[in-house]
Amino acid sequence: MEVALKDILLTKGKEWLGIDIDPSWIQFQPTRKGVRGDVTLMVFPFAKALQLPPAQVAELIGKHVKSEVSFVADFEVIQGFLNFVFSDTLWSDQLVAINQNDSFGLAEPDSKQMVMVEYASPNTNKPLHLGHLRNIFLGYAVAQLKKAHGHQVIKTQVINDRGIHICKSMLAWHRFAPLQANGERETPANSGLKGDKLVGKYYVEFEKHLQLEVKEVLARWNGGDFSNTSASALEKFQELNQALVGKDEKAQAAISDKIKELAKNETEILRAAKDMLVRWEGRDPETYLLWSTMNGWVYEGFDVTYQRMGVDFDKLYYESDTFLLGKDQVMDGLARGVFYQKPDGSVWIDLTPDGLDEKLVLRSDGTAVYMTQDIGTAIERFHDYPALSGIVYTVGNEQDYHFKVLFLILDKLGYSWAKNCFHLSYGMVDLPSGKMKSREGTVVDADDLMEEVVNAATVMTQERGQIAELTEGERHNLFESIGMGGLKYYLLKVDPKKRMLFNPEESIDLTGNTGPFIQYTHARINSLLRKAGSIQIDESALVIDFGEIELIKLLAAFPQTIAEAADNYSPALLANYLYELTKAYNSFYQQSPILNETNEGLRFARILISKNVAKVLKTGLNILGINAPERM
RNA sequence: GGCUCCGUAGUUCAAUGGAUAGAACGAGCGUUUCCUAAACGCUAAAUAUGGGUUCGAUUCCCGUCGGAGCUACCA
């Protein structure tokens, strides 16, 4: 409609107004709620060019458009806004078209470029927590949005299965897991503990011992005992100790942290973990076996968590497979002068000309860092999928700098696709008590949280749900759908870029702006449609009024909403649209009889609207990864 | 210190240069002989602050104040 209006303004504008029309003047927007009209034209740019009052220009354009465009039934001028009122038949035709389109809102599959969406990058030393939930639900929904928008999508995760963190868990397990009677140490099989939880337990164990040793080292240093301390650490310690003098409290705290960091590196246990990493990179068989065994436990644990979350992946990348390629690339880049080497053997890139810092890409002992493996992983992906146009990295915003650097390095290495890599940066999830900190034990575990929301949904549904006709299995699925739907919606309705607060009590709410509220409306419409049975609807006899038009307008905005949400990587836009549609429908439902309406044409229109609201809600919820139960 | 992001009702979120800044929760008052009340209606309540650009600024620019993140041979 807007396109048609734009065309006529461009072709006839000069004749009506006497001046050439610049296309940029033509700005449409949906007419404000509560004001008569369907589409609004801004007349300010025209008024400015014509040197006439906006109202006068609007009147002029409105008159001409009304007489020349068949679907414009009327127009109204309010201040500088020209509101066009479309004919009722246009809206009933829209409704019929929406109704006949089973994949309404969805673009032609695979009609757009192939993109890869990475949305989980767990470390294999700890279980998943609330932050991962936001990450994974967000990435999954973006992947679904891209698909709905016509892209071919590869869902992937990169598993940080190598590195010092996993060596810490390995070392702690090897040292501290008690030997059982049969000679085994604790395993998921013999203890019944979920694999990722077990490995996480030993990571915590490592950190505990590390802290103890750090205290010992510090006590020794402060007592003047520097045996077992490297010369460079001693030098730095003395330097930092000097720096403490005369500083304010804040600066002193920062320096103390640095000293602590220094002491960490001088502990036996951390040295042992580092040795283990070197042995691992040297493929020491015993270390390798321990590593693959413990990672295996973690994967089994993650699988259980992912399954409950309702997410899956098309392709997995393990950093243990890609870090060598990353190292090769670094050596190659070094030869080509992209990187440079320091006397100690470490390799760096100087990004100061680009306004960034110098960045390490390979340690002096030759082992890979995060950046090294990310370079390798990216290249591997484009190698695996030649048709791939770009990668979306769903990673928290504390890594904004890392990705800026990564994309710049890839560009400097000569990969043209580097500019199509996008860091989907999301904000941290805070708790009412503040930031989640593993050290303070305020981390919200993903499995525990999911269990909790499903339990809450179970209680509420048993209390108010219409579930008498459901079997035991169906009930179980329903509770799961409602609990998980609430949790997903809660995390997805907020703009991804923004830091958000997670309130445990609100997350299990079923009323207000929540997932179950939308699910409920969908279920209620389904109940209505079941009662409607096989009423034959005569699509040529629809009667519509103001309330119906409002809803048809909202329905018609669905494809546009998907496009915008996909282009902006923002499931929140879709979530907010679904909420708005739900609100509008509930209000309509409350004041308008549907099956009981006596005017047949009106009844037909209302049933059709109900049916298509349900259709859009279901499609939309599914894109967000949320189930839409038929009854609840 | 440098760089980046963020300040909207009591609280959590909307509004991507447009009209009277929307919701939800919480508070108060209402709505079930009728299609699922997990619903609906009504009331009170907000753009941190000072400038600038614009016909028009929550939105863009600059300053101030407040908050967060990054600035690791951790990942």
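Chain A is the first sequence line, chain B the second, and so forth, proteins listed ahead of strands; every chain is numbered from 1. Reckoned from all heavy atoms, side chains included, excluding hydrogens, waters and symmetry mates.
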Selected nucleotide, minimal atom distance to A:N83 side chain, candidates B:A19, B:A68, B:A24 = B:A19
Considering only side-chain heavy atoms of A:Y579, which listed nucleotide, B:A24, B:A38, B:A68, is closest?
-> B:A24
How far, in whole Å, is B:A24 from B:A39 if one measures between their C1' atoms?
-> 14 Å
Would you tell me if any nitrogen or oxygen in the side chain of A:K264 comes within less than 4.0 Å of OP1 or OP2 on B:A72?
-> no
Could you please name the partner base of B:C29, counting Watson-Crick and G-U wobble pairs only when both distances are under 3.5 Å?
-> B:G41
Might you point out which heavy atoms bring A:E548 and A:R606 nearest each other, and give the distance in Å?
-> OE2-NE, 2.8 Å
Please name the residue in the list A:Y401, A:F422, A:Y393 that meets the ring-ring contact (aromatic ring centres under 6.0 Å, His included) test with A:F407.
-> A:Y393
Are OP1 or OP2 of B:C40 and a side-chain N or O of A:N586 less than 4.0 angstrom apart?
-> yes
Please state how far atom CZ in A:R603 lies from atom P in B:C34, giving the value in whole angstrom units.
-> 19 Å
For B:C5, the nucleotide meeting Watson-Crick or G-U wobble distances (both under 3.5 Å) is B:G67
Any side-chain N or O of A:K531 under 4.0 Å from OP1/OP2 of B:U36?
-> yes
Please report, rounded to the nearest Å, how far the P atom of B:G18 is from the CD1 atom of A:I26.
-> 18 Å
In whole Å, what is the span from the CG atom of A:N513 to the C1' atom of B:C13?
-> 8 Å
Atom-pair distance (CD on A:E398; C1' on B:C6), nearest Å = 16 Å
Of the nucleotides B:A75, B:U16, B:C55, which has the atom closest to the A:I164 side chain?
-> B:A75
Proximal nucleotide (of B:G18, B:G69, B:A38) relative to the A:M632 side chain = B:A38
Could you state the atom-to-atom distance from CG of A:L356 to P of B:G2 in whole Å?
-> 17 Å
Report yes or no: is the cationic atom of A:R162 (NZ for Lys, CZ for Arg) under 6.0 Å from the centre of the six-membered ring of A:F323, at an angle within 45° of the ring normal?
-> yes
Short side-chain N/O contact from A:R363 to OP1 or OP2 of B:A75, under 4.0 Å | yes
Taking B:A37, B:A19, B:A14 as options, the one with an atom nearest any side-chain atom of A:Y520 is B:A37
Using Watson-Crick or G-U wobble geometry with both distances below 3.5 Å, tell me the partner of B:A23, or none.
-> B:U12
Determine if the base of B:U33 is syn or anti; take syn to mean the glycosidic torsion is within 90° of 0.
-> anti
Could you tell me whether the phosphate oxygens of B:U12, OP1 or OP2, come under 4.0 Å of any side-chain nitrogen or oxygen in A:K493?
-> no
Strand partner of B:U36, provided both Watson-Crick or wobble distances fall under 3.5 Å | none
Is the number of heavy atoms from other residues, nucleotides or ligands within 6.0 Å of NZ (A:K553) greater than 12?
-> yes
Examine A:R524 relative to A:Y589 and say whether NZ or CZ is less than 6.0 Å from the centre of the six-membered ring and inside a 45° cone about the ring axis.
-> yes
Given B:A38, B:U12, B:A75, the nucleotide with the shortest approach to the side chain of A:Y370 | B:A75
Give a yes/no on whether any side-chain N or O of A:K583 is located under 4.0 angstrom from OP1 or OP2 of B:A24.
-> yes
What's the closest nucleotide to the A:F44 side chain, out of B:G18, B:C6, B:A75?
-> B:G18
Whole-Å distance, A:I594 CD1 to B:C40 P, equals 14 Å
Under a 3.5 Å limit on both distances, the Watson-Crick or wobble mate of B:G17 is none
Taking atom NZ of A:K342 as the centre, does the number of heavy atoms from other residues, nucleotides or ligands within less than 6.0 Å exceed 12?
-> yes
Could you check how far CD1 of A:I508 sits from P of B:C25, rounded to whole Å?
-> 15 Å
Does any N or O donor sit under 3.5 Å from an N or O acceptor when you compare the side chain of A:T40 with the base of B:A19?
-> yes
For A:L528, answer base if it contacts any base atom (sugar-phosphate contacts may also be present), sugar-phosphate if it contacts only those atoms, and nothing otherwise; contact means non-hydrogen atoms under 4.0 Å.
-> base
P atom, B:U49 versus B:A57: distance in rounded Å?
-> 16 Å
Atom CD1 of A:I525 to atom P of B:C40: distance rounded to whole Å?
-> 12 Å
What do you reckon, is CD of A:Q462 surrounded by more than 12 foreign heavy atoms closer than 6.0 Å?
-> yes
NZ/A:K274 to SG/A:C167 distance, rounded to the nearest 0.5 angstrom?
-> 12.0 Å
Looking at B:U36, B:A39, B:A19, which one has an atom nearest to any side-chain atom of A:R530?
-> B:U36
Considering only heavy side-chain atoms of A:S587, the closest of B:C13, B:A19, B:G41 is B:G41
Rounded to whole angstrom, note down the P distance from B:A21 over to B:U59.
-> 15 Å
Describe the nucleic acid contact of A:L501 in one word from base, sugar-phosphate, nothing, applying a heavy-atom distance below 4.0 Å.
-> sugar-phosphate
At under 4.0 Å between heavy atoms, what does A:Y589 touch on the DNA or RNA strands: base, sugar-phosphate, or nothing?
-> base
From B:U54, B:A38, B:A15, pick the nucleotide closest to the side chain of A:T511?
-> B:A38
Touch check for A:A532, heavy atoms < 4.0 angstrom, all strands: base, sugar-phosphate only, or nothing?
-> nothing
